[in-house]
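Worksheet for the structure shown next.
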Amino acid sequence: MCPTIILGIESSCDDTAAAVVRDGTVLSNIITNQSVHKAYGGVVPELASRAHQQNIIPVVAQALKHANVTKNEISAVAFTQGPGLLGPLLVGSSFAKAFALGLNIPLIEVHHMQGHILAHFIKEADLNESNQAPSFPFLCLTVSGGHTQIVLVKDYFDMEILGETTDDAAGEAFDKVAKILGLPYPGGPLVDQYAQRGNSTAFHFPIPEIAGLNFSFSGLKTSFLYFIRDHIKKDSLFIENNKEDICASIQHTIITILMQKLKKAARQTGINDIAIAGGVSANSELRKVLLAESEILGWRIHIPKLEYCTDNAAMIAIAGHYKFLKKYFAQQKTAPSARLKL
Ligand code: KG4
Ligand code: ZN
């Protein structure tokens, strides 16, 4: 039988990415980060769209080359339909549509957050048995720059949001804290790095009391802003002299908030298969705490490899693979959507 070879395209924010997956095994996973945004302290949508236009053809060419696959061998092309920035999404979707039309192959839409979750099903040629995909149903804490959700994953495309943030996302909280500390965008990975050398109990920040399985991070951001402002009034070098302890303490608070709700969701559903996904799942403390809790609570945990935490196209290609098997194809008239529900 012919193998199923999917080309995945991801362009929802500031990374132009393309990947090739054959029968669920990743053959290539190429990402071009856009450095143009660094000077602005955040992603500038118009600049992102223009950079995607410049990057998309070379990134796809590289993905095919690394995979040692020709265009004519591709079974279908999968692209991120949303949510994300509309201009960047339009570049990826237009490319995918033209590619599918030109080769007369199916076109597949993928929800970006479903992609993050389905990244757990990416197979690698050299991976051993211990790295098994989660079995259904499982809970996934999906934490990125735009989302913070606890998702009950019943099947590949049957997902229910049990709780989500009512304001900022966890990644946004990391990035805003970093900005207050004068760190460049995106600050999450830098806060993580400084935190590794700091004392997480040096400073205390409030844990919000939010009903059910929902989250809130905007109050924490405000109290962090006041905390820094008040200390700087007394000591202008407060940040410089305490950066590692500040990062460790605020990171510890964010991870505690996430873990409290994840534990509550596991208790309420009785589900012990627990996964994390999205950019913040790269956080070293979240990964460590999850591992420690799994031993206490008897969870089977699923932590993605670092390259599948932040935005990538292998996650879009694997979601495309499972949609291809179910023949969930899109039409040429499909359009991307900046706000797409899970
Ligand atoms: O999934 P992602 O790449 O893009 C979105 O879909 O939003 O997530 C990006 C987010 C950013 O907010 C970034 O600061 C955060 O993930 N992030 C981290 C770490 N690595 C990325 N936050 C904390 N610790 C990290 N190591
Ligand atoms: Zn993402």
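This is a predicted model, so every value here is computed, not measured. When a ligand or atom number is given, it counts from 1 through the structure's own listing order.
- Using a cut-off of 2.8 Å, one finds that His116 contributes an N/O/S atom close to the Zn ion (ligand 2).
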Requested in this report: In sequence, state the C-alpha distance, the side-chain angles, and the governing distance for Val280 and Ser144, and then conclude on side chain to side chain contact (heavy atoms under 4.5 Å, CB included).
Outcome: CA-CA 5 Å; Val280 181; Ser144 71; 5.9 Å; no
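- A donor-acceptor contact closer than 3.5 angstrom is absent between the side chains of His66 and Asn29.
- His111 places a side-chain N or O within donor-acceptor distance of the main-chain N or O of Leu340, the cut-off being under 3.5 Å.
- Any N or O atom pair closer than 3.5 Å counts here, and Gly279 shares at least one such pair with ligand 1.
- Among all protein heavy atoms, the one lying closest to atom 14 (O) of ligand 1 is Asp175 OD1, 2.6 Å.
- Near Ser144, with a cut-off below 4.0 Å to any heavy atom, the atoms of ligand 1 are 1 (O), 5 (C), 6 (O), 7 (O), 8 (O).
- Geometrically, Lys323 does not engage Tyr328 in a cation-pi contact, judged by NZ or CZ lying under 6.0 Å from the ring centre and within 45° of the ring axis.
- Among protein heavy atoms, the minimum distance from atom 26 (N) of ligand 1 is reached at Asp192 OD2, 2.9 Å.
- By the 3.5 Å distance cut-off applied to N or O atoms, Asn283 is counted among the residues near ligand 1.
- Residue side and main chain included, Cys13 places no N/O/S atom under 2.8 Å of the Zn ion (ligand 2).
- Side-chain atoms of Thr201 and Asn199 include a donor-acceptor pair closer than 3.5 Å.
- Not one N or O of Phe174 is nearer than 3.5 Å to an N or O of ligand 1, by distance alone.
- Nearest N/O/S atom of Asp311 with respect to the Zn ion (ligand 2) is recorded as OD1.
- Counting only heavy atoms of the protein, atom 9 (C) of ligand 1 lies nearest to Gly145 N, 3.8 Å.
- With a 6.0 Å cutoff to the six-membered ring centre and a 45° limit on the axis angle, Lys176 does not count as a cation-pi contact of Phe224.
- Using a 4.0 Å cut-off between heavy atoms, Thr310 contacts ligand 1 through both its backbone and its side chain.
- Heavy-atom contacts of Ala282 reach the following atoms of ligand 1: 20 (N), 26 (N) (cutoff under 4.0 Å).
- Taking each heavy atom of Pro83 and His147 in turn, the nearest pair found is CG-CE1, 3.5 Å.
- Taking 4.0 Å as the cut-off, Gly146 counts as a neighbour of ligand 1 on heavy-atom distance.
- Contact analysis puts His116 in contact with ligand 1, with a non-hydrogen atom separation below 4.0 angstrom.
- Side-chain contact annotation: Ser93 with Gln81, donor-acceptor N/O pair under 3.5 Å absent.
- Between the side chains of Asp14 and His52, no donor N or O sits under 3.5 Å from an acceptor N or O.
- Using modelled atom types, one side-chain atom of Glu172 and one backbone atom of Ala169 make a donor-acceptor pair closer than 3.5 Å.
- In this structure, the ring of Phe121 has its center less than 6.0 angstrom from the ring center of Tyr156.
- For a threshold of 3.5 Å applied to N or O pairs, the pair formed by Asp311 and ligand 1 contains at least one separation below that value.
- Where the criterion is an N or O separation shorter than 3.5 Å, residue side chain and backbone included, Gly171 meets it with respect to ligand 1.
- Of the polar atoms of Gly188, at least one N or O is found under 3.5 Å from an N or O of ligand 1, judged by distance alone.
- Ranked by closest heavy atom to atom 6 (O) of ligand 1, the top entry among Met315, His112, Arg287 is His112.
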